[in-house]
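These numbers come from a predicted model, not from an experiment. Chain letters run A, B, ... following the sequence lines, proteins first and then strands; every chain starts at 1.
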Number of protein chains: 2
Amino acid sequence: MRTGERRPTLADVAAQAGVSTALASIVMRDAPGASEATRRRVLEVADRLGYHPDSRARLLRSGRSRLLGVVFGVQHAFHGDLVTGLYEAAEKLRYELALSAVTPRRDERTAIGGLLQDRCEALLILGPQSPTSELATLASRMPVVALGRDVRHRAVDVVRNADCEGLHQAVDHLVSLGHRRIVHIDGGRTPGTAERRRGYRDAMRHHGLDAEIRVVPGGPTGEDGATATAPLLTDPPTAITVFNDLAATGVLDALRRAGLSVPGDVSVVGYDDSRLARLTYLDLTTIAQDTAAMTTLAITRAVDRIEGETVTPRELVIPPHLVIRGTTGAHLAEKPA
Amino acid sequence: MRTGERRPTLADVAAQAGVSTALASIVMRDAPGASEATRRRVLEVADRLGYHPDSRARLLRSGRSRLLGVVFGVQHAFHGDLVTGLYEAAEKLRYELALSAVTPRRDERTAIGGLLQDRCEALLILGPQSPTSELATLASRMPVVALGRDVRHRAVDVVRNADCEGLHQAVDHLVSLGHRRIVHIDGGRTPGTAERRRGYRDAMRHHGLDAEIRVVPGGPTGEDGATATAPLLTDPPTAITVFNDLAATGVLDALRRAGLSVPGDVSVVGYDDSRLARLTYLDLTTIAQDTAAMTTLAITRAVDRIEGETVTPRELVIPPHLVIRGTTGAHLAEKPA
DNA sequence: GTGAAAGCGCTAACAT
DNA sequence: ATGTTAGCGCTTTCAC
């Protein structure tokens, strides 16, 4: 029974194995300096006792925590992908992750506070929302890496997606399919909007389509997408690039309700390659962020900072890539003039 | 500059405030036994130094961690809702949460191992997948609460949704709208399938619709839903209850492709009230699990176990509720006989 | 290869 | 109200 039992400590293991705690410690840490026989004996006892080293005590003594704090939004599907990559990258460098979630009822400041108490050696913040000044204060005490969102302060490292290039790729793809009348529905006041819009404009110009440039104010939600689509229905373009996948679903819905077929009449490109985009019945062509690269770089950056390396540049901008699915198709014939 | 700086310790704060560490500790813990003046002075210094108590040392010394370990699937949107509730419930009881994620590349065993090292006093596992035997071993060492999935072992507490009742509600709703030909597409080998199927059958019998009972083998994904719908299209029922929301989206898609309107020709009910169901363009009638109740009870249960209370029953089954949206409507006329 | 002893930052028990 | 002392479980010298 559990009652009355105490968790076994290293001293218990050492005693039962007939060695000093120091030696037992060496074995448990897999450090050099113990004979094969001792090693086996100690491990056997530890296993029998169900011993797990107390990371608190261990880290307290060794002065370091080898702990990287991660602040993420528990509602953001995309953050899930990032966390997956972060675990993997951290493990390779023998660091651990301490997760702290932002929820509708738990703000970023609270989430960060928890991690500070855990003595993380660096902070990785996914889509930081705190004012730059607060992040700067933090960054004066420990390395801070912002993931997926720009933070303009010289003490904060940033790893983010090349939004601009993403929209360039979307437009390139559509142009290669024969489209010319390509509209962009932007993200309203959502972070990243400006850069994606700029990517669209640049790309259109690059293809000599200056005259066709048309940006419609939108937003990040499905309804934003649907609303923004309405005014386009009287004289629809042949293709639409949308700020993100969620808004793109609204666009798709609005188009289909209006009797237009996708991609027959109109092609649509989203952004993020979220779970949504992959749903069979949506099958949305989209721009995927390179989460593997982003997470690896973020962890590497944090660890480099911890270990005092000088690193440049402060801002790492990772190119995304196009994922072609079923919502884009060739624009075969121009309307007869 | 950060280099060369050391994090301030309680001793630093105490020294600068001109008091002993014990007194400073009292202030930081907000414990009784310090004068108002001292309190103010210490807090002021702590703030100026950017002092954060070291939870490791604190907990090491006090022998308890007041830490509840939470294992969750980072990909599961529903787990996000649960984590939100867990944070809130834990805070009320002055416990903290240690999050450990299961990802495509990090299995449940690894996730649990991390928490054991953190000296959590109990484990809350969302949708546990480990074999019962492993959970039982764990439970012999510390309180273990399984959330959202049944675990048949006397040492493991379970807090879960009343799947059976959920489908009862779905059928009741459809019957009240005049439906009689109601099909259930089940979840294949997904946990919970059997109970939801049973709920459907019971409810149909309860309404004297024994002859109409029809269960189609399905699964948890959108494609499963679409595939399961195909054989129904030759002679479609007037309503379909689907194992979960994701599969329901596949059903919706298959119906619409076949030229059937929802809810005009066929009504559809999902399960989970996931983010998906709430999307404007899906607007899916569904069964919502009561996450607030589930999380509160799970935390309460874990804490009761920690504090040695005797608690019954081992298994807490929480009734869900119907959320009526746009995919269900009245069945107006039976086909002329 | 192994053991003895000190101490990480903090809290608790006991002084004063 | 405040200070002193001991020690949580571990790692780290530094002996042997």
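- Closest-nucleotide positions on DNA chain C for T38(A) and G63(A) were compared, and the one nearer the 5' end corresponds to T38(A).
- Here chain A contacts DNA chain D (any atom closer than 4.0 Å to a heavy atom, that is under 4.0 Å), and the contacts span dG9(D) to dT12(D) from 5' to 3'.
- Q117(A) contributes no side-chain N or O that, together with a main-chain N or O of P53(B), makes up a donor-acceptor pair within less than 3.5 Å.
- M142(A) places none of its side-chain heavy atoms less than 4.5 Å from the side chain of R305(A).
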Step-by-step salt bridge (Lys or Arg N to Asp or Glu O under 4.0 Å) determination, R48(A) to E44(A): CA-CA 6 Å; R48(A) 180 156 51 76; E44(A) 191 269 319; 3.6 Å; yes
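- With respect to the salt-bridge test (charged N to carboxylate O, under 4.0 angstrom), the residues R160(B) and E315(B) qualify.
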Produce a footprint string for nucleotides 10-16 of chain C: one letter per nucleotide, 5' end first; B if the base is under 4.0 Å from any protein heavy atom, S if only the sugar-phosphate is, - if neither. BBB----
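- At a threshold of 4.5 Å between non-hydrogen side-chain atoms, the residues T132(A) and V156(A) do not count as touching.
- Proximity of Q75(A) to D81(B): side-chain heavy atoms (C-beta onward) are separated by under 4.5 Å at one or more points.
- Residues S25(A) and R29(A) have side chains that bring a donor and an acceptor to within less than 3.5 angstrom of each other.
- Across V13(B), I26(B), V27(B), T38(B), a single residue satisfies side-chain contact (heavy atoms from CB on, under 4.5 Å) together with V19(B), and that is T38(B).
- Contacts of G33(B) with the nucleic acid, taken as non-hydrogen atoms under 4.0 Å apart, include base atoms.
- Between the C1' atom of dG7(C) and the CG atom of L60(B) lies a distance of 12 Å, rounded to the nearest Å.
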